[in-house]
Amino acid sequence: MSLQVEKLEKNMAKLTIEVVAEELELAIERAYQKNKKRINVPGFRKGKVPRQMIEKMYGKEIFYEDAVNDLLPGAYAKALEECEEDIVSSPKIDIVQVEAGQPFIFTAEVALKPEVRLGKYKGVKVAKTDITVTDEEVDADIEKERERNARTVSVEDRPVKDGDMTVLDFEGFVDGVAFEGGKGENYPLTIGSGAFIPGFEEQLVGAQIGKEVEIQVTFPQNYHAEELKGKPAVFKCTVTEIKEKELPELDDEFASEVSEFDTLAEYREDVRKNITARKEKEAKGAKTDAVIDAIINDSDMEIPEAMVETQQRQIVEDFEQRISLQGLKMEQYYQMTGSNYDMLFEQVKPQAQKGIQSRLVLEAIVEKENIEASEEEFEKEIDKMAEMYQMENDKVKERLKEEGKKNIMTDIAIQKAIDFIVENAVEE
């Protein structure tokens with residue numbers, strides 16, 4: 001196999017890969033062996049038709065596609081090993097020549113890692129984040145805990161009010177005629193949830209249990225049912241049940257039930273500490289993002305579009321995996337969100353660009369500052385992985401192999417670079 005590299009504009013390159021004719025012949029023969037049982041030729045039993053006979057009847061090209069699919073991945077992988085350039089995108093493949101008895105030639109257009117001209121990265125000035133915790137914030141967190149510990153009680157001595165959990169029967173009419181899908185029985189609805197079309201829930205406020213009320217609404221212009229878009233409608237509703245949340249008293253007993261503390265004062269202090277810790281973590285993240293953004297803005301790099309597109313595909317694939325872990329298929333997600341693959345692909349583009357820019361400047365800082373990961377740091381990372389996957393350390397290392405170790409060492413060095421620039425940043 002031979003490889004030629006041609007540098008193109010905007011950090012792109014064209015690899016011309018040539019595979020000797022003998023390897024192409026072997027791939028064609030493998031394609032013949034794979035497909036011969038599927039080909040019918042009068043006078044021959046299935047699987048017994050000579051290759052020359054098939055090629056004579058259907059043309060020599062009949063096995064070329066399978067041969068190329070067989071040969072190309074390995075040839076490209078070998079070319080990557082030989083290539084001294086730092087390739088950072090999926091290849092755009094173009095077949096130049098595939099003909100029995102001749103070398104197999106194809107090209108791969110790829111993006112090369114762009115050079116980064118670092119700007120200022122030490123002593124970067126960023127805005128200081130206020131992490132003061134107010135009494136109102138403490139109260140709000142405690143109120144959320146009261147909500148979580150609230151019990152639901154039935155109400156019979158008053159009409160519906162905002163926030164109530166109701167059960168109702170309803171039927172909708174347009175121009176005096178009931179429409180399909182407009183009827184419900186024993187339907188649970190929390191007033192103020194926004195689950196129904198605008199104006200519906202507000203008109204239920206004041207309704208009495210067992211008494212029919214008429215609610216007049218207009219369907220939105222973007223409503224999913226074409227025949228109802230923009231149409232005025234009347235819903236005849238009867239509330240059959242009202243429930244409300246009953247919050248626990250805010251006292252020492254409540255504190256002892258929801259925490260390890262005996263008094264409300266101790267519990268409040270612990271809530272304040274937790275909010276402080278949360279704010280400190282958020283502030284550190286915000287500071288890190290601000291420092292990296294400032295470094296990116298002061299640096300210069302020309303990122304090839306193919307590199308961005310490769311990162312976009314990776315983000316979408318990761319998202320698809322997370323969706324599948326939740327028991328959803330992407331088709332269902334697209335239907336629920338009114339989107340499609342192309343829209344999602346375009347939506348993640350800014351994230352892809354920012355991720356690439358961040359990684360490139362951090363890698364440049366690692367090189368500039370001679371930042372390295374130690375074996376001790378690598379071992380600590382292996383310990384974390386072993387605990388996470390419940391495996392022996394040696395087994396984790398065995399699975400990682402040399403390339404995996406290299407990636408982990410790089411990630412450790414990147415994190416050290418982040419710590420370095422954040423420590424050296426100046427808060428104003």
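Not measured: the values here are computed from a predicted model. Along the sequence shown, the residues carry numbers beginning at 1.
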Sole residue of Glu372, Lys416, Met409 in side chain to side chain contact (heavy atoms under 4.5 Å, CB included) with Glu377: Lys416
Between Lys405 and Glu375 (salt bridge meaning N to carboxylate O under 4.0 Å), is one present in this structure? yes
From the options Glu85, Glu367, Glu363, select the one residue that forms a salt bridge (charged side-chain N to carboxylate O under 4.0 Å, His left out) with Lys113. Glu363
Expected list for residues 274-287: side-chain donor-acceptor pairs under 3.5 angstrom, two or more places apart:
| unit_1 | atom_1 | unit_2 | atom_2 | d |
| --- | --- | --- | --- | --- |
| Asn274 | ND2 | Asp270 | O | 3.4 |
| Asn274 | ND2 | Asp270 | OD2 | 3.4 |
| Thr276 | OG1 | Arg272 | O | 2.8 |
| Lys279 | NZ | Thr132 | O | 2.7 |
| Lys279 | NZ | Glu137 | OE1 | 3.1 |
| Lys279 | NZ | Glu137 | OE2 | 2.9 |
| Lys287 | NZ | Val422 | O | 3.4 |

Kindly say whether the aromatic ring centers of Phe196 and Tyr187 come within a distance under 6.0 Å. yes
On a heavy-atom basis, which atom in Ala417 and which in Ile371 lie closest, and how many Å separate them? CA-CD1, 3.8 Å
Determine whether the aromatic ring centres of Phe319 and Tyr333 lie less than 6.0 Å apart. yes
Please assess Phe200 against Phe219 for the test ring-ring contact (aromatic ring centres under 6.0 Å, His included), listing each intermediate value before the final yes or no. CA-CA 10 Å; Phe200 186 100; Phe219 283 99; 9.7 Å; no
Taking only Lys NZ, Arg NE, NH1 and NH2, and the carboxylate oxygens of Asp or Glu, determine whether Lys122 and Glu369 approach each other closer than 4.0 Å. yes
Do the side-chain N and O atoms of Glu317 and Gln321 include a donor-acceptor pair separated by under 3.5 angstrom? no
Answer yes or no: is there an ion pair linking Lys243 with Glu241, defined by an N-O contact shorter than 4.0 Å? yes
With the threshold set at 4.0 Å, does a side-chain nitrogen-carboxylate oxygen contact exist between Asp70 and Arg30? yes
Less than 4.0 Å between a side-chain N and a carboxylate O, is that true for Glu244 and Arg151? no
Please check if any side-chain donor atom of Ser256 sits under 3.5 Å from a side-chain acceptor atom of Glu253, or the reverse. no
